[in-house]
Structures are given as structure tokens and as C-alpha cells.
Amino acid sequence: MNRLSLGFRERCYELIRQIPQGRVMTYGDVALCIGKPGAARAVGTAMRLNPDAPTTPCHRVVASSGVIGNYSGKRGVAGKIALLRKEGVPISDGRVREFGRVRWRPT
DNA sequence: GCCATGGCTAGTA
DNA sequence: GCCATGGCTAGTA
């Protein structure tokens with residue numbers, strides 16, 4: 001499947017499937033990486049419509065501030081936090097700690 | 001086509 | 001203020 005033929009949502013999903021366990025990306029970086037700078041909010045929409053969370057790991061996408069952000073999968077934000085913690089992402093007070101180290105960008 | 005609705009955010013105050 | 005989605009309506013054919 002040629003990635004240029006994929007729609008916005010599929011491009012998002014394909015990208016976030018590359019995020020390693022224990023790491024996160026921001027909505028804005030996802031937008032940037034698929035060539036749609038400024039579409040952070042639309043990335044949120046795509047994540048909301050993710051048909052198979054958490055297999056397609058939309059829980060690994062957080063706000064640019066390090067704040068966890070929303071989650072429409074099982075158990076909502078609590079579920080998102082639980083998944084991330086299980087994967088080794090340090091979280092307290094609703095934000096990712098050591099954000100600089102945990103934040104991931106494709107190489 | 002228009003409009004409302006969001007898992008948002010850079011940049012002002 | 002931005003952008004993809006989805007629902008709905010004029011207004012054409």
C-alpha cells in the first residue's frame with residue numbers, strides 16, 4: 001500500500017504503530033510527520049476514531065505540554081494512564097515525566 | 001456547500 | 001485559530 005494514497009487517518013495510524021513501548025509522540029508531531037503541520041486537532045479526531053485501540057496505540061499520543069490528553073478507549077483517561085504506566089512511561093499528576101527522554105520522533 | 005464538534009496548540013498577556 | 005469528520009440543507013437538474 002503506497003502511503004501517499006492513504007487517507008489522513010490511515011497515515012496517522014501507520015505512523016503511531018511505529019512508536020515503541022515506553023515512548024510517546026505529541027499530536028502536533030504526528031501531524032508534522034505526516035506532512036500536515038498545524039493539524040494537531042485533526043490528529044486528535046483521528047485518534048478518537050481509532051477502530052482498534054489499544055492495538056493501534058493511540059494511547060501513546062499525548063499533548064505537547066506532556067499532559068496526558070484525552071482518550072476514548074476503554075476506561076477513558078484512566079485507561080490511557082494505566083496502559084502507559086504498564087509500558088514504563090512515568091506519569092504523575094496527569095503528565096508524562098521526563099518528557100524529553102520519553103518523547104519519540106521517527107528517525 | 002455550510003456548520004458544529006472535538007483526544008489540540010503557538011503565542012499573547 | 002487550526003483541521004478532518006459527519007450531519008444536513010439549499011438549490012440544481
Side-chain angles (χ1 to χ4, degrees):
Chain A
M1 196 43 142
N2 126 25
R3 69 187 51 211
L4 292 115
S5 75
L6 297 174
F8 181 84
R9 287 174 54 194
E10 284 303 326
R11 306 237 298 298
C12 291
Y13 301 149
E14 183 186 65
L15 173 60
I16 68 171
R17 280 183 225 120
Q18 318 300 310
I19 308 174
Q21 273 202 27
R23 309 290 295 279
V24 300
M25 276 188 89
T26 70
Y27 295 99
D29 283 347
V30 170
L32 203 59
C33 289
I34 64 172
K36 309 237 57 151
R41 193 152 195 180
V43 169
T45 299
M47 298 302 99
R48 176 166 56 86
L49 300 174
N50 176 17
D52 63 352
T55 303
T56 295
C58 58
H59 59 283
R60 295 180 190 149
V61 184
V62 303
S64 64
S65 56
V67 165
I68 289 302
N70 223 320
Y71 186 65
S72 46
K74 198 181 175 198
R75 301 210 304 127
V77 180
K80 185 171 184 176
I81 291 174
L83 286 165
L84 289 171
R85 286 224 170 97
K86 190 167 59 179
E87 297 178 354
V89 174
I91 297 169
S92 68
D93 217 27
R95 345 186 36 181
V96 173
R97 300 296 153 179
E98 306 177 72
F99 193 45
R101 172 179 73 72
V102 173
R103 190 176 187 171
W104 181 84
R105 290 188 185 70
T107 52

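Every value quoted in this text rests on a predicted model; they were computed, and no experiment measured them. By convention in this document, chain letters (A, B, ...) are assigned in the order of the sequence lines, proteins followed by strands, and residues within each chain are numbered from 1.
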| Ala63(A), nearest nucleotide to its side chain (from dA4(C), dT9(B), dG6(C)) | dT9(B)

| query | Picking from dC8(B), dT5(C), dA4(C), which would you name as closest to the side chain of Ala42(A)? | reply | dA4(C)

| note | Comparing nearest nucleotides in DNA chain B, the 5'-proximal residue of the pair Thr45(A), Ala40(A) is Thr45(A)

Hey, does [X] reach any base, or is it just sugar-phosphate, or nothing, if we go heavy atoms under 4.0 Å?
X        : result
Val43(A) : nothing
Gly28(A) : sugar-phosphate
Phe8(A)  : sugar-phosphate
Lys36(A) : sugar-phosphate

| field | Presence of Ser64(A) side-chain N/O under 4.0 Å of dT9(B) phosphate oxygens OP1/OP2 | value | yes

Whole-Å gap separating [atom2] ([N]) and [atom1] ([X]):
X        : N      : atom1 : atom2 : result
Ile68(A) : dC8(B) : CD1   : C1'   : 15 Å
Met47(A) : dC3(C) : CE    : P     : 17 Å
Tyr27(A) : dA4(C) : OH    : P     : 17 Å
Glu10(A) : dA4(C) : CD    : P     : 16 Å

| Toward the 5' end of DNA chain C, which comes first, Ala46(A) or Arg41(A), by nearest nucleotide? | Arg41(A)

Would you mind reporting whether [Y] and [X] have side-chain heavy atoms less than 4.5 Å apart?
X        : Y        : result
Lys36(A) : Cys12(A) : no
Pro57(A) : Glu87(A) : no
Leu84(A) : Ile68(A) : yes

| So, Arg23(A) side chain and Arg103(A) main chain: donor-acceptor pair closer than 3.5 Å or not? | yes

